[in-house]
2 protein chains.
Amino acid sequence: MKKITINDIAKELGVTPSTVSRALAGNTRVSEKTRKLVADKAQEMGYEPNVMAASLRKGKSDTIGLVVPRINRHFFSNVISGVEEVLNPAGYNLVICQTGEDAEKERKAVATLLRNRVGGIILSLSVQTGLFDHLDEVVSRKVPLVQFDRINPDVEGDKIVNDNFSGAYMAVRHLLEEGYRHIVHFAGDLGLRAYAERFDGYKKAMEEAGLEVLPSMVFENTITRDAGYEAMGKLLADQKADAVFCAGDYSALGAIECLKAKGVKIPGDFGVVGYANEPFAELMYPSLTTVEQNAFVMGNKAASAMIRCLEGKAFNMEEVVPVSLIKRESSGKRR
Amino acid sequence: MKKITINDIAKELGVTPSTVSRALAGNTRVSEKTRKLVADKAQEMGYEPNVMAASLRKGKSDTIGLVVPRINRHFFSNVISGVEEVLNPAGYNLVICQTGEDAEKERKAVATLLRNRVGGIILSLSVQTGLFDHLDEVVSRKVPLVQFDRINPDVEGDKIVNDNFSGAYMAVRHLLEEGYRHIVHFAGDLGLRAYAERFDGYKKAMEEAGLEVLPSMVFENTITRDAGYEAMGKLLADQKADAVFCAGDYSALGAIECLKAKGVKIPGDFGVVGYANEPFAELMYPSLTTVEQNAFVMGNKAASAMIRCLEGKAFNMEEVVPVSLIKRESSGKRR
DNA sequence: TGCAAAAATACAATCGTTTGCACACTTCGC
DNA sequence: GCGAAGTGTGCAAACGATTGTATTTTTGCA
């Protein structure tokens, strides 16, 4: 069973390949009648376009590259689903690369995507990434770039972020309303905007409540489970605190494990709020109050932005996806 | 900045493109000296091969398609990582497709991959899939196919499975050793081999212990959280049982939630073991005893098998990855 | 009916590699 | 010193689509 090409269709129909090509592309330069004829014949002969030939000629492909730190994070896998939902029906393919939060792998992934002439790149920075020339390279090659969540605002292109500030603000307000006062913050890398914004939201809520945020109350780079556990250990030893707002669910988990180990009652003696609504947040004990980021929606928007770019309307704009606070046990009333 | 092609290199060096092509491919038909010359020049000029042109000419690409039910399952995302670990260094790219357990989407994904002339396809069937002609199509096109975990043994090609039988057997043995006797099984779709094997392992362990497995003790198609909850509800109403071996962690979770809701003590009055070691298994309360499938290793093996196929050594063999039982709270001693 | 404008289609080059075949030049055994 | 291998390169035709520029056909209008 040989592959059918447009040449075969052309021969069969007594027209030229160019006409077939244009007909299939829906070009109005070929008559409605011929278009129908070609479409039917193509159908009949079981024609399947050769994507490579087209890409080679056009100098770019309908494949979009998606670069994320890790796909087994709930947040990212949902973003991926959201992206797919928009991209696939639109006829684009997705190739996904993991960086494992490693700057070097991120560079390599981007380089590979460019080498493969992807039509565009959707990317979320790894925490480690400090140099951004690989992104500049993308821009300078005029390959559309959409950043999401962990973005670098200085690089050209569309950006989709979640409302980190509001999320953090709501989380801390909630803790305050439940009666907690000495609220500390387990932050991420404050060099990354997402984490900086969460920190700002925390600070704002605290200051509005007339509470001062001392440097000792902020633990930077504390987003892993281990880091959360350790930081909480230090915290209990050093200072008076009755609640923590964590920039991620994993550090919240670590914090809770430490608190449980020390016999501190959650909630009541200590309140905990996380960020991300990882699947385990609902299932752990006590269940974790956290901020839902609507990753799926972010994926949708990132993909839509990409399609807009591909269609030539470069917006270079930033879109904010709303978040919501999911109240669970870990932040119940202070007693 | 124009793209450098082999023609540019050829011109610069005063040889022909064919020689450059062969030199870069390491063909021994061109002298060692020329090879070195070409390599250096390519380096110097910043040459980057155009993958599409090569693929077009060769009629296939260095891209491997990976089709999985959902990427946000711990198991699958780890398999993906495992596959990447092997494929990327070997110079292959991965495009990942989600089927969402939907047979139709699975067909479409495979069709798209074939249309894009991928070099090979690694796939795990969706539970829903009943017809396999899309896989036959892959085989008949001579595109290497590696199935993993949820496989169809009747389709040609390599297969990587985990030792479902042993996993299930160990799990049930463990429950028996802890003193449970009336052990039921929440199974998956027994039409799928993976689930059928888990059922067999369960049966074997029970029979060895001199316990009969009645049809009423097996709940088929019970792998979701909701299904687990419901089934447990029925179970408690209808019959005497003191433990359940679930073919997946999600149904185990549902079962535990139902048991907790009814005030049944876990462990003690009721033992629960799951399968898959989802991340939440460790964190829920009580923590869930479950079977670790070594997804990462499976991914490695699937990728290695694929590379073997691509290198022309079609083995058409089946490889079994060992599993291990992770003992946690939910299966503690019967009282 | 004739003729210019518009519509539809054809021609041919091109995208960047790969590869079968031909060709020249060594090398060697006899 | 003469064919026969053996080496290293060049030639040119693919691969299958796209697209700017002809060229033909159709249409509209006087």
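So you know, we letter chains A, B, ... as the sequences are listed, proteins then strands, and number each from 1.
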Selected nucleotide, minimal atom distance to [X] side chain, candidates [options]:
X: B/Ser21; options: C/dT17, D/dT19, D/dG16; value: C/dT17
X: A/Ala53; options: D/dA17, C/dG16, D/dT19; value: D/dA17
X: A/Thr5; options: D/dG16, C/dT9, D/dT9; value: D/dG16

Could you give me the CA-CA distance, side-chain angles and deciding distance for B/Glu85 and B/Asn300, then say whether side-chain hydrogen bond (donor to acceptor under 3.5 Å, both in side chains) is met?
-> CA-CA 7 Å; B/Glu85 195 193 48; B/Asn300 281 171; 3.2 Å; yes

[X] side chain near [N] phosphate (N/O to OP1/OP2, under 4.0 Å):
X: B/Ser31; N: D/dT9; result: yes
X: A/Thr16; N: C/dA10; result: yes
X: B/Thr19; N: D/dG10; result: yes

Classify the nucleic acid contact of A/Ser55 as base, sugar-phosphate or nothing, counting any heavy atom under 4.0 Å across all strands shown.
->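 A/Ser55: no heavy atom of the nucleic acid under 4.0 Å.
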
May I ask you to say what A/Val51 touches in the nucleic acid, namely base, sugar-phosphate or nothing, with a heavy-atom cut-off under 4.0 Å?
->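 Counting heavy atoms under 4.0 Å across all strands, no contact is made by A/Val51.
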
Kindly say whether, by distance alone, the side chain of [X] makes a donor-acceptor pair under 3.5 Å with the base of [N]?
X: A/Ser18; N: C/dC11; answer: yes
X: A/Arg29; N: C/dT9; answer: yes
X: B/Arg22; N: D/dG10; answer: yes

Between B/Ser124 and B/Val68, is there a donor-acceptor pair closer than 3.5 Å when you use the side chain of the first and the backbone of the second?
->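 Checking the backbone N and O of B/Val68 against the side chain of B/Ser124, no donor-acceptor pair under 3.5 Å is found.
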
Can you check the [X] [atom1] to [N] [atom2] distance for me, whole Å?
X: B/Leu56; N: D/dC15; atom1: CG; atom2: C1'; value: 4 Å
X: A/Ile6; N: C/dA10; atom1: CD1; atom2: P; value: 12 Å
X: A/Lys33; N: C/dT9; atom1: NZ; atom2: C1'; value: 12 Å
X: A/Met52; N: D/dG16; atom1: CE; atom2: P; value: 11 Å
X: B/Leu13; N: D/dG8; atom1: CG; atom2: C1'; value: 15 Å
X: B/Asn27; N: D/dT7; atom1: CG; atom2: C1'; value: 12 Å
X: A/Lys11; N: D/dG16; atom1: NZ; atom2: P; value: 12 Å
X: B/Lys58; N: D/dG16; atom1: NZ; atom2: C1'; value: 17 Å

Pairwise distance CG(B/Asp189) to OG(B/Ser126) - rounded to 0.5 angstrom |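 B/Asp189 CG to B/Ser126 OG: 10.0 Å, rounded to 0.5 Å.
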
Roughly how far apart are B/Asn27 CG and B/Thr34 OG1, rounded to 0.5 Å?
->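 Reported value, rounded in 0.5 Å steps: 11.5 Å.
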
DNA chain C: 5'-proximal contact among B/Tyr47 and A/Thr28 (nearest heavy atom) =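 Residue closer to the 5' terminus by nearest nucleotide: A/Thr28.
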
When you look at B/Thr19 and B/Thr16, which way does the side-chain hydrogen bond (donor to acceptor under 3.5 Å, both in side chains) test go after all the steps?
-> CA-CA 5 Å; B/Thr19 303; B/Thr16 55; 3.2 Å; yes

